[in-house]
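This chain uses plain numbering: 1 for the first residue, then up along the sequence.
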Amino acid sequence: MMRQTNKNIRIGFGTWPLGGNAYGHLTEENAYKTIKAAYDEGVTLFDTADIYGDGVVEKLLGAAVGGLENVEFISKVGYVCEESSSQCFDEKHIRNRIESSLKNLNRSQLDYYLLHSPTVQNLKNYSVLKIFENLKKEGLAKKIGVSLRTIDTFKNITNWDSCDSIEIILNLLDQRAIDNGLVEYCSNNNISVFARLPLCSGFLSGKYLVGVNFPKNDVRSRWSQNQIDKWCAASTQYNFLINPNRDLAQAAIAFCFCSQVNTIPIPGMKTPLQVKSNMKAGKTECFITPLEFKKIRNTWMGLKNVPPF
């Protein structure tokens with residue numbers, strides 16, 4: 001029987017790791033098992049993109065949970081392929097990709113369809129935004145929005161009245177979306193906010209120490225050792241959140257949906273064990289208290305140059 005988290009809390013599933021090209025190798029069989037395990041643990045929101053595994057992840061999601069009415073999908077478009085930073089936001093590309101995503105996910109309509117890390121120029125180009133508005137009018141996407149490349153590009157979408165949802169980086173080691181008013185703005189304007197990288201690519205799992213190295217098939221190997229060591233060292237500043245009821249990762253996820261932040265975290269997961277552990281963050285005993293939130297904010301203000309700029 002499916003177990004549900006607290007009815008007022010929602011934790012999504014960031015599926016990029018399931019492609020096997022981002023956070024180390026993963027077989028399609030194990031990826032499929034992880035998706036099924038996530039649903040059994042109460043996950044009903046899956047975040048994906050057309051380039052994750054170059055379509056493989058969407059197909060796995062469609063096969064595993066695509067036919068379930070209570071499941072929602074976020075998908076994104078903009079990159080040409082997973083192994084390249086090249087982007088394309090012309091209408092032909094977007095329409096071809098949404099058709100593929102719908103087929104892969106076994107859906108006639110996407111719940112959320114987002115621009116995938118567009119540049120400032122893309123966001124200022126209303127013809128690009130108009131394509132998304134038309135997809136919504138045509139019923140191909142229920143809600144539309146943007147997965148922001150950087151927090152600072154937020155100001156370029158405040159005039160896009162049709163924007164329903166925003167995906168941002170938000171975690172204990174990067175609270176800039178709170179600092180610059182993005183979270184508050186979205187709350188005041190009924191815009192859904194999805195917190196991606198709530199575990200800061202695993203650096204808030206408590207597993208990694210200064211000096212750690214990652215293999216070439218892991219995206220974290222792209223960061224400088226200096227940046228990696230900064231994240232490892234800074235994560236220990238939040239060890240005060242660890243208690244008998246929660247580990248650091250569970251506290252980090254709970255931070256994203258606490259009442260003062262009120263976003264939907266979408267942690268990446270690779271195994272059923274990770275799913276089970278992360279979903280415990282939705283239990284009442286893992287919740288962040290107001291006093292803890294105050295200490296979290298004070299700790300963040302004391303960290304220097306931790307996020308990549």
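- With hydrogens and angles ignored, the 3.5 Å screen pairs no side-chain donor or acceptor of R196 with any backbone N or O of I266.
- Side-chain atoms of Q87 come within 3.5 Å of backbone N or O of S117 as a donor-acceptor pair.
- In this structure, F257 has its ring center under 6.0 Å from that of F287.
- Going from atom CG of N156 over to atom CG of N125 covers 12.5 Å, rounded to the nearest 0.5 Å.
- Taking the charged nitrogens against the carboxylate oxygens, K276 and E41 do have a contact shorter than 4.0 Å, which makes a salt bridge.
- Cation-pi geometry between K270 and Y23 is not met at under 6.0 angstrom from the ring centre and within 45 degrees of the axis.
- Side-chain atoms of Q109 never come within 3.5 Å of backbone atoms of L140 as a donor-acceptor pair (strictly under, hydrogens ignored).
- Note on ring orientation: taking the six-membered ring where Trp is involved, the planes of Y79 and H116 are perpendicular (angle over 60°, cut-offs 30° and 60°).
- Judged by distance alone, the side chains of D229 and Q225 do bring a donor and an acceptor atom under 3.5 Å apart.
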Report the C-alpha separation of Y52 and K76 in whole Å, then their side-chain angles, then the decisive distance to 0.1 Å, and conclude whether the side chain to side chain donor-acceptor pair (under 3.5 Å) test is met.
CA-CA 10 Å; Y52 291 175; K76 304 180 287 290; 3.3 Å; yes
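- Using modelled atom types, one finds no donor on one side chain facing an acceptor on the other under 3.5 Å when comparing N226 with S224.
- A salt bridge does not link E91 with K130: every distance from a Lys NZ or Arg NE/NH1/NH2 to an Asp or Glu carboxylate oxygen is 4.0 Å or more.
- Expressed to the nearest 0.5 Å, how far SG of C163 lies from CD of E133 amounts to 10.0 Å.
- A donor-acceptor distance shorter than 3.5 angstrom exists from the side chain of S221 to the backbone of D218, with no hydrogens or angles considered.
- The residues E99 and R95 are annotated as not salt-bridged, no charged nitrogen and carboxylate oxygen being separated by less than 4.0 angstrom.
- Side-chain contact annotation: Y39 with N70, donor-acceptor N/O pair under 3.5 Å present.
- In this structure, the side chain of Y238 does not engage the main chain of L248 through any donor-acceptor pair within 3.5 Å.
- Hydrophobic clustering (side-chain heavy atoms under 4.5 Å, transitive across Ile, Leu, Val, Met, Phe, Trp, Tyr) groups V261 together with L173.
- Counting only heavy atoms from C-beta outward, the side chains of W16 and V219 approach each other to under 4.5 Å.
- Residues V128 and W160 share a hydrophobic cluster, clusters being chains of Ile/Leu/Val/Met/Phe/Trp/Tyr side chains in contact below 4.5 Å.
- By the 4.5 Å heavy-atom criterion applied to side chains, L172 and C200 are not counted as neighbours.
- Remark: side-chain polar atoms of K143 are not paired, donor with acceptor, to backbone N or O of S165 under 3.5 angstrom.
- Here S75 contributes atom OG and D47 contributes atom CG; the two are 8.0 Å apart, rounded to the nearest 0.5 Å.
- Using a 4.5 Å cut-off between side-chain heavy atoms of Ile, Leu, Val, Met, Phe, Trp and Tyr, with links allowed through other members, V193 and I169 fall into the same hydrophobic cluster.
- For the residue pair R220 and Q227, no side-chain donor N or O sits within less than 3.5 Å of a side-chain acceptor on the partner.
- Residue pairs meeting the salt bridge (charged side-chain N to carboxylate O under 4.0 Å, His left out) criterion with at least one partner in residues 50-62, sequence neighbours excluded, are D50-R97.
- Y208 and F214 have perpendicular rings, their planes meeting at more than 60° on a 0 to 90° scale where under 30° would count as parallel.
- Closest approach of L170 to A177, counting heavy atoms only: CD1-CB, 4.3 Å.
- Between the CG atom in L18 and the CZ atom in F46 there is a gap of 9.5 Å [rounded to 0.5 Å].
- N30 and T27 form a side-chain donor-acceptor contact under 3.5 Å, judged by distance and modelled atom types alone.
- Inter-residue side-chain proximity for E28 and Y32 is flagged as unmet; no heavy-atom pair is nearer than 4.5 Å.
- For the atom pair C88 SG and I94 CD1, the distance stands at 7.5 Å (nearest 0.5 Å).
- Listed for the S86 side chain is no donor-acceptor partner under 3.5 Å among the backbone atoms of V80.
- Between A281 and C286 the shortest heavy-atom distance is O-CB, 3.6 Å.
- Crowding of E184 atom CD: a count of heavy atoms from other residues, nucleotides or ligands under 6.0 Å not exceeding 12.
- Two different hydrophobic clusters hold L273 and M279 under the rule that ILVMFWY side chains link at heavy-atom gaps under 4.5 Å.
- In this structure, V77 and F89 approach most closely via the heavy-atom pair O-CE2, 3.5 Å.
- Summarising the geometry, atom CG belonging to N180 is positioned 6.0 Å from atom CD1 belonging to I151; distances are rounded to the nearest 0.5 Å.
- Checked by atom type and distance alone, the side chain of S277 never pairs as donor or acceptor with a backbone atom of Q274 at under 3.5 Å.
- When side chains are defined from C-beta on, L61 does not count as touching V71, because their heavy atoms never get closer than 4.5 Å.
- You'll find the side chain of E167 stays beyond 4.5 Å of the side chain of L148, heavy atoms only.
- Hydrophobic clustering places I296 together with V183 (ILVMFWY residues linked when any side-chain heavy atoms are closer than 4.5 Å, directly or through intermediates).
- Using modelled atom types and a 3.5 Å distance limit, the side chains of N122 and T119 yield a donor-acceptor pair.
- Side-chain N or O atoms of K155 include one that pairs as donor or acceptor with a backbone N or O of D152 at under 3.5 Å.
- Between F132 and Y113, the ring-plane angle classifies as parallel under the 30° and 60° cut-offs.
- Side chain of N189 to main chain of Y185: a donor-acceptor pair is present (N/O by atom type, distance under 3.5 Å, no hydrogens or angles).
- Side chains of W300 and D179: a donor on one and an acceptor on the other come within 3.5 Å.
- For the pair R10 and E72, the salt-bridge criterion is met [side-chain N within less than 4.0 Å of a carboxylate O].
- Shown here is K142, whose NZ atom has no more than 12 heavy atoms of other residues, nucleotides or ligands within 6.0 Å.
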